[in-house]
Amino acid sequence: MKKYQGIPASKGYAMGYAVIKQEANYTIEEGAGKGPKEELKRLAAAVECAKEQLVGLREKTAREAGEEAALVFDAHRMFLEDPEFMGEVREAVEGGQNAMAAIQSVAQGYIAIFSTMEDEYLRERAADIQDVSDRVLQNLSGKTKTLEIREPQRVVLAHDLTPSDTAGLEKDLVSAFVTEVGGRTSHTAIMARTLEIPAVVGVTGVLQEVQDGQRMLVDGVSGEVILDPDEAALSAFERAAAAYQKEQKALQSLRSVRTVSRDGKAIEVSGNIGKPADVDAVLAAGGEGIGLYRTEFLYMDRKQLPDEQEQFEAYKTVLEAMDGRPVIIRTLDIGGDKKLPYLPLPEEMNPFLGYRAIRLCLDRPDLFKVQLRALLRAGAYGKLRVMFPMISGLQEFKDAMALAQECREELKQEGITVGEDIQWGIMVEIPAAAVCARELAEHVDFFSIGTNDLIQYTLAADRMSEKVSYLYDPLHPAVLRLIQMTIDGAHACGKWVGMCGEMAGDERAIPKLLAMGLDEFSMSASSILAARSLILDHDAHAASC
Ligand code: PEP
Ligand code: MG
């Protein structure tokens, strides 16, 4: 028996037998191959073939895992249609490289850029470039990767799994995924959660030991992976799996239950999203609203700012899909860890304390007004709440509202319909805003506490640093007191308070936050049912910390 500890990426328990992904076995020669003319022809044929394969995979994935999971193959196809990328590959062939070497070297250049990006989501996109370029290389070489599964209860093991690998699999035969690399936003992790297959990623060195057909236990809750379990490990695992199943079944029955605390206070349990397609998962989990729509994803992964119409359509799609339930859309929160390739920002010593979020937006009304106009228009299609990120004082809120008012008047003059009952709030994620909550509450419609940042600023502990992660404690008394001040300040003015940082879905914190008076909890869709269950079992009576 051998135990490994990885990162739990998709919840659940699975016992199964290893099947190891073999890498494609081709070599990339140097030199001009058959000469530029012939190599360009081979390249064009391989790319065309890849695009057809991607259309097929897209359809299969949409059928088996839904539209959202299938979108990755549109992104792959767009990459092969990208004039910049393909132009560089063709130039390399014209310059004397064979087609395989050209695609490999250009793709590696792009992968190197993406893999050093600070944003985890963008960093993971390097894997997509690898996947799509591998596809073209395989087409050029005539050799394919093998990951065929014919028997049930298989645990798929790989250094990493690409969208193409997972899309090609017979899902009913797969009981778990285990990979040596990847984080919670890696493709394997996202796909496994969508398919509800347990997964553990980042299991370093596991491929050196494991052999095809070996028995394995995969614990997607704790991240433990066991090879060749002994009797004791097996029975402990079976007990944990049975308890988990029971708990899951009980949670599913709460999908359409309203969240009301044991002593009768109605609470909103909502979902956090990054793009319109994420709404499906929130609704499937019985979310009562969207508590945070991070609009910066609309601005990422592209070459220029999204225009008003594109933004309007994205916001309207979310509002309509939520069908009258509340939707909180956060205005652009760029800077800090999130950068845009087409919007150069000054190099700063402390970007988290620098030119970002509302500070940048107020400095660039040309850019901010496009978003405000799109929001005002979308407000006519549902229950919209808009919030500004990184507010440190009243003046910023007033300035943002003045711009919103200017946009409203312009739109009306242009004869364009705008939402009339939009609520306007702020994120409380800077300690100053929490301390001044009482004063701010007189002016805003609501607060949403952004604990991811509030904790890092309160404890001076970088949220990205593993070295100081021991200091990053959501339950630190200073953090709890700031949260209490925020809630009390809002309630004194008859305003409501939500929370959209990770802490809102933290099962250790939920009973405490409920008792402190929090009115709305917003979290990733997968945490909604467990949060609801806890709230149903606890009281919301006032308490202090
Ligand atoms: C937060 O800071 O808690 C938050 C929700 O915003 P983000 O994680 O996007 O900074
Ligand atoms: Mg934040």
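Everything numeric here is computed off the predicted structure, so don't read it as measured data. Side chains are part of it too, since the values below use all heavy atoms of this structure and drop only hydrogens, waters and symmetry mates. Counting convention: from 1, in listed order, for ligands and their atoms alike.
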| message | Once side-chain hydrogen bond (donor to acceptor under 3.5 Å, both in side chains) is applied, do any residues pair with Asp363, and if so which ones, sequence neighbours excluded? | response | Tyr355

| message | Please work out, at 4.0 Å between heavy atoms, whether the side chain, the backbone, both, or neither of Leu292 comes within that distance of ligand 1. | response |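 It is the side chain that touches ligand 1; the backbone stays farther off.
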
| query | Just heavy atoms, cut-off under 4.0 Å: does Met503 contact ligand 1 by side chain, backbone, both, or neither? | reply | neither

| task | Give a yes or no answer on whether the side chain of Asp263 reaches the backbone of Ala540 with a donor-acceptor pair at less than 3.5 Å. | result | yes

| message | Using only atom types and a distance under 3.5 Å, with no angle test, would you say the side chain of Arg325 pairs donor to acceptor with the backbone of Ile290? | response | no

| task | Please could you name the atoms of ligand 1 that Met427 approaches to less than 4.0 Å, counting only its heavy atoms? | result | 4 (C), 5 (C), 6 (O)

| Polar proximity ligand 1 side, Arg294 side, N/O cut 3.5 Å exclusive |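 Between Arg294 and ligand 1, an N or O pair is found under 3.5 Å apart.
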
| said: I want to know if ligand 1 touches Arg356 in the polar sense, i.e. an N/O pair below 3.5 angstrom. | reply: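 In this structure, Arg356 places no N or O atom under 3.5 Å from an N or O of ligand 1.
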
| request: Would you indicate whether Lys369, at its atom NZ, is surrounded by more than 12 heavy atoms from other residues, nucleotides or ligands within a distance under 6.0 Å? | output: yes

| field | ring pair (Phe, Tyr, Trp, His ring centres under 6.0 Å) partners of residues 477-512, not counting sequence neighbours, each pair once | value | Phe446-Trp496

Please tabulate, for the side chains in residues 390-400, all donor-acceptor contacts under 3.5 angstrom to protein atoms that are two or more places apart in sequence or on a different chain.
from, atom 1, to, atom 2, distance (Å)
Ser392, OG, Glu396, OE1, 3.0
Gln395, NE2, Asp399, OD1, 3.0
Glu396, OE1, Ser392, N, 2.6
Glu396, OE1, Gly393, N, 3.4

| message | Against the six-membered ring of Tyr381, is Lys316 placed for a cation-pi contact (under 6.0 Å from the centre, within 45° of the normal)? | response |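 Satisfied, under 6.0 Å and within 45°.
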
| said: Which residue in the set Asp165, Asp160, Thr166 passes side chain to side chain donor-acceptor pair (under 3.5 Å) when paired with Thr162? | reply: Asp165

| task | Could you name all protein N, O or S atoms found under 2.8 Å from the Mg ion (ligand 2)? | result | Glu429 OE1, Asp453 OD2

